[in-house]
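Shown next, in structure tokens, is the structure this report addresses.
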Amino acid sequence: MPFEHSGEIDAAASENLYRIRHSLAHVLAQAVLEMREGATLGFGPPIQDGFYYDFVLPEPITEADFPDLERRMRRILKKGQRFYQEELPKADAFARINEMGEPYKREYAEELCEKNGLESLSFYRNGPFLDMCEGPHVDTAKDIPRDAFKIRSVAGAYWRGDSKNTMMTRIYAWAFEDKAALDAHVEAYKLAQERDHKKLGKELDIFTIDNEIGRGLPLWLPNGTVIRDELEKLARELEFADGYQRVATPHIAKQDLFYRTGHLPYYADDMYPPIEVLEESEHGDVVKEAYVLKPMNCPHHHKIFASSLRSYRELPLRLAEYGHVYRFEDSGAVGGLLRVRGMCMNDAHIYCTEEQIADEFRNVIALYDRAYSILGLTGYSLRLSCWDPEDPQGKSKYVDEPEAWESSQAALRTILNELELDYVEAKGEAAFYGPKIDVQFPTVTGREESVSTVQLDFAIPKRLDLKYIGPDGDEHVPYCIHRAPFSTHERFVAFLIEHFGGAFPTWLAPVQVRVLTVSEQFDEYAHRLVAELRADFVRAELGSTSDTVSKKIREGTTRKIPNLLIVGEREVEANEVTLRRYGIREQTTMPFETFKQKLRETIDTRALSFIL
RNA sequence: GCUCACAUAGCUCAGGCGGUAGAGCACUUCCUUGGUAAGGAAGAGGUCAUCGGUUCAAAUCCGAUUGUGAGCACCA
């Protein structure tokens with residue numbers, strides 16, 4: 001499901017596994033053709049943890065058909081069919097494809113011959129099934145384990161990944177070299193789903209989405225708001241240390257501003273439609289004004305830059321804001337906190353001279369590094385997102401300044417190389433105004449999402465006529481670096497929930513300490529502890545008072561509260577507390593003052609684990 | 001936006017081949033004052049997403065709408 005749809009698997013996957021998966025795809029197709037006469041074939045490649053095959057079906061296949069489909073596949077495997085390759089010259093190949101009656105295979109064959117100049121095409125046959133296919137495959141179906149694959153899901157997918165084309169039915173399956181590997185993978189997958197931010201977000205009361213508010217417009221509950229506030233506090237501190245200045249801007253602006261920046265022609269579809277208001281001028285004329293919800297903060301920040309005459313001595317000028325932006329994402333894209341229509345972004349814009357770009361980028365990347373190491377985030381990858389000069393809609397997708405694109409991309413590449421960072425380059429992933437470095441995180445289901453981004457903007461400052469006076473006394477246009485290490489609260493918290501499995505480190509946890517009493521007669525002591533902790537700005541609370549100790553511990557644990565304090569007669573007498581940390585069975589009893597100090601230190605240092 | 005699936009109490013779910021619903025948890029009250037992952041009892045809580053159709057009768061069958069999920073497309 002989640003994988004790159006290129007159909008390629010990573011190099012680490014063994015050649016044998018590749019053959020097994022690829023061959024199983026043919027077996028799946030064979031079984032589907034048995035079940036649905038008249039089905040036509042699309043592509044059926046191996047992928048990261050299995051394979052898929054695309055079909056146009058006369059009757060839909062649903063989850064209810066999976067057992068039957070798997071049974072048929074096993075029956076086919078049992079026959080031990082050999083996989084034969086045939087290489088046919090072009091004319092014969094097309095004759096055969098016509099015979100097969102496969103319009104999509106034909107389309108692809110034509111492209112292979114025309115664009116790639118192939119003179120012959122490869123076919124694979126196993127039993128009655130014939131497919132135009134490059135291979136490689138196993139020699140015989142006997143080489144494919146019968147119990148190491150599992151149909152996973154069915155979904156729509158456009159032919160050749162283009163929404164203008166037919167929607168096909170894609171059947172995904174897991175496949176491995178043996179049953180143990182399959183079972184382990186399925187188990188890991190289920191475990192990962194337990195960490196789904198939508199599930200945990202509900203269980204831990206982090207956010208909710210209400211239909212009457214609107215799709216993609218999450219409501220942050222008190223617990224979630226604590227996490228946002230803590231992240232924002234951390235961002236503020238890191239940014240302060242790096243010389244950023246905070247600003248605040250409204251959520252809306254006149255529509256004309258976004259025409260001037262270029263957002264509107266490029267991104268009208270992604271913006272909420274304008275709010276039109278009638279305003280009476282001083283002469284009594286009624287004037288119609290249109291306002292839009294801002295889809296990004298940059299124009300507002302640019303206007304702050306433009307609010308006074310700037311000297312090169314003020315640069316780099318770093319303006320930061322956790323700003324709210326609104327984007328009208330397609331209904332099918334919206335889901336949970338990962339894709340929303342209203343979000344709060346850890347935004348900042350750095351205005352600098354050309355000579356300062358490299359240093360500023362390095363500083364920003366160092367800031368990312370600090371932020372991620374505090375949070376213990378490691379599983380990310382970097383992507384240098386470039387424009388695609390050959391994009392058919394290139395002119396409407398990217399600013400048309402080829403030289404600026406090339407030089408700015410080269411600049412980013414140099415920085416990444418100098419810092420010896422691993423990254424992949426991706427064509428056609430740039431912002432319309434410039435290239436960017438994206439930080440990609442995998443979701444619980446394995447799909448990659450861009451979380452954070454650093455962008456180099458060579459276009460918009462010029463459009464908004466931003467300028468500073470250089471040492472030469474002339475006006476110059478500054479460059480602008482857009483950056484958001486903490487992404488949006490929405491997306492970043494979603495990833496943090498999944499990263500921590502809902503068990504946040506103390507400094508980030510909505511409830512940091514819950515005090516449990518052995519019996520109600522110790523409530524007064526417990527109240528005192530809570531009050532003292534709260535006076536020290538610790539998010540402490542009293543557990544329920546009428547349940548059994550077991551029950552209270554269970555509740556505290558299922559809420560994933562990092563620190564439970566248990567107090568009874570022993571503790572009251574010695575002015576102590578018994579600490580039970582999340583996920584750790586063994587407990588420690590210590591003087592309350594000691595606990596308070598350790599806790600303070602844990603919070604202040606934003607420790608990932610309790611220091612005790 | 002597209003394909004497929006799903007929608008029953010605050011949550012997790014059962015049931016229903018047509019005769020207006022059930023469990024556990026949570027909630028409220030009472031009993032219990034209990035030392036390490038669910039003490040006991042009672043109570044309250046639902047037009048079975050919405051609208052329409054078929055029918056003597058619809059929560060159940062059909063259709064549309066809305067919402068949700070997986071994936072595709074999109075993604076500043």
Side-chain angles (χ1 to χ4, degrees), chain A residues 1-3 5 52 54-57 60-65 152-172 193 196 198-199 202-203 205 208-212 214-215 261-263 266-267 269-271 294-299 325 327-336 338-340 343 345 347 385 397 428-434 436 438 445 447 449-450 453 455 457 460 482 484 488 491 516-523 544-558 564 566-571 578 580 585-587 589:
Chain A
M1 57 201 244
F3 334 103
H5 54 271
Y52 68 76
D54 289 343
F55 306 92
V56 174
L57 300 170
I61 279 179
T62 70
E63 219 164 294
D65 298 309
R152 183 153 109 54
S153 62
V154 59
Y158 296 107
W159 167 240
R160 313 222 60 190
D162 187 333
S163 59
K164 288 194 282 295
N165 291 337
T166 312
M167 174 67 72
M168 298 181 136
T169 302
R170 175 169 297 177
I171 299 176
Y172 284 104
Q193 301 233 286
D196 187 324
K198 293 191 284 287
K199 182 172 147 55
K202 183 181 273 183
E203 285 173 10
D205 293 320
T208 186
I209 291 171
D210 186 290
N211 287 336
E212 287 188 283
R215 172 186 265 179
T261 57
H263 287 90
Y266 288 104
Y267 290 111
D269 287 349
D270 296 295
M271 290 170 63
K294 61 180 176 182
M296 32 178 67
N297 299 303
C298 10
V325 297
R327 300 174 186 177
F328 196 73
E329 299 284 349
D330 284 335
S331 59
V334 172
L338 280 176
R339 281 291 277 282
V340 292
M343 67 212 90
M345 185 180 280
D347 223 342
S385 299
K397 234 174 138 177
E429 298 286 351
F432 78 86
Y433 46 70
K436 53 185 180 143
D438 290 317
T445 52
R447 188 174 48 201
E449 292 277 3
S450 293
T453 177
Q455 308 169 354
D457 179 353
I460 299 184
H482 307 234
T488 61
R491 191 169 278 192
L516 314 178
T517 53
V518 170
S519 114
E520 280 175 32
Q521 62 195 102
F522 311 111
D523 281 3
S544 74
T545 54
S546 64
D547 292 307
T548 57
V549 179
S550 294
K551 179 73 177 291
K552 289 183 233 193
I553 287 176
R554 184 186 156 78
E555 271 180 356
T557 307
T558 50
L564 299 179
I566 298 143
V567 296
E569 196 177 357
R570 299 198 290 267
E571 287 80 4
T578 293
R580 186 180 169 119
R585 249 214 140 75
E586 109 198 33
Q587 311 176 141
T589 302

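Just so we're on the same page: letters track the sequence lines, and every chain starts at 1. Computation of the quantities below employed the complete heavy-atom set of this structure, encompassing side-chain atoms and omitting hydrogens, waters and symmetry-equivalent molecules.
When distances are taken from the side chain of A/E555 to each of B/C4, B/G71, B/A26, the shortest belongs to B/A26. Closest to the A/A431 side chain, of the nucleotides B/A76, B/C4, B/C75, is B/A76. Taking only side-chain atoms of A/R491, from C-beta outward, the nucleotide of B/C75, B/A37, B/C11 with the closest atom is B/C75.
Look at CZ on A/R580: it is 7 Å from C1' on B/A37, rounded to the nearest Å. In this structure, CD of A/Q193 is placed 10 Å from C1' of B/A70, rounded to the nearest angstrom. Rounded to whole Å, atom P of B/C4 lies 19 Å from atom CZ of A/R152.
Applying the 4.0 Å criterion to OP1 and OP2 of B/A37, one finds that A/R585 has a side-chain N or O inside that range. A sub-4.0 Å separation between OP1 or OP2 of B/A76 and a side-chain N or O of A/K294 is absent.
Side-chain to base pairing of A/R170 with B/C72: no donor and acceptor N or O lie closer than 3.5 Å to each other. Under 3.5 Å, the side chain of A/Y52 and the base of B/G71 form no donor-acceptor pair of N or O atoms.
Classification of the A/F432-A/H263 ring pair by plane angle, with boundaries at 30° and 60°, yields perpendicular.
Side-chain N or O atoms of A/R170 include none that pairs as donor or acceptor with a backbone N or O of A/G156 at under 3.5 Å. At least one donor-acceptor pair closer than 3.5 Å links the side chain of A/D65 to the backbone N or O of A/T62.
Within the nucleic acid shown, A/S519 comes within 4.0 Å of at least one base atom, counting heavy atoms only.
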Which pairs, protein N/O on one side and nucleotides 66-69 of chain B N/O on the other, fall under 3.5 Å?
| residue | atom | partner | partner atom | Å |
| --- | --- | --- | --- | --- |
| B/G67 | O3' | A/N211 | OD1 | 3.4 |
| B/U68 | OP2 | A/R215 | NE | 2.8 |
| B/U68 | OP2 | A/R215 | NH2 | 2.8 |

Using a cutoff of under 3.5 Å, can you pull out all pairs of nitrogen or oxygen atoms linking the protein to nucleotides 38-40 of chain B, with atom names and distances?
| residue | atom | partner | partner atom | Å |
| --- | --- | --- | --- | --- |
| B/A38 | N6 | A/R554 | NH2 | 2.6 |
| B/A38 | N1 | A/R554 | NH2 | 3.3 |
| B/G39 | OP2 | A/T548 | OG1 | 2.8 |

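Here, B/U66 and B/C51 have their P atoms 15 Å apart, quoted to the whole Å.
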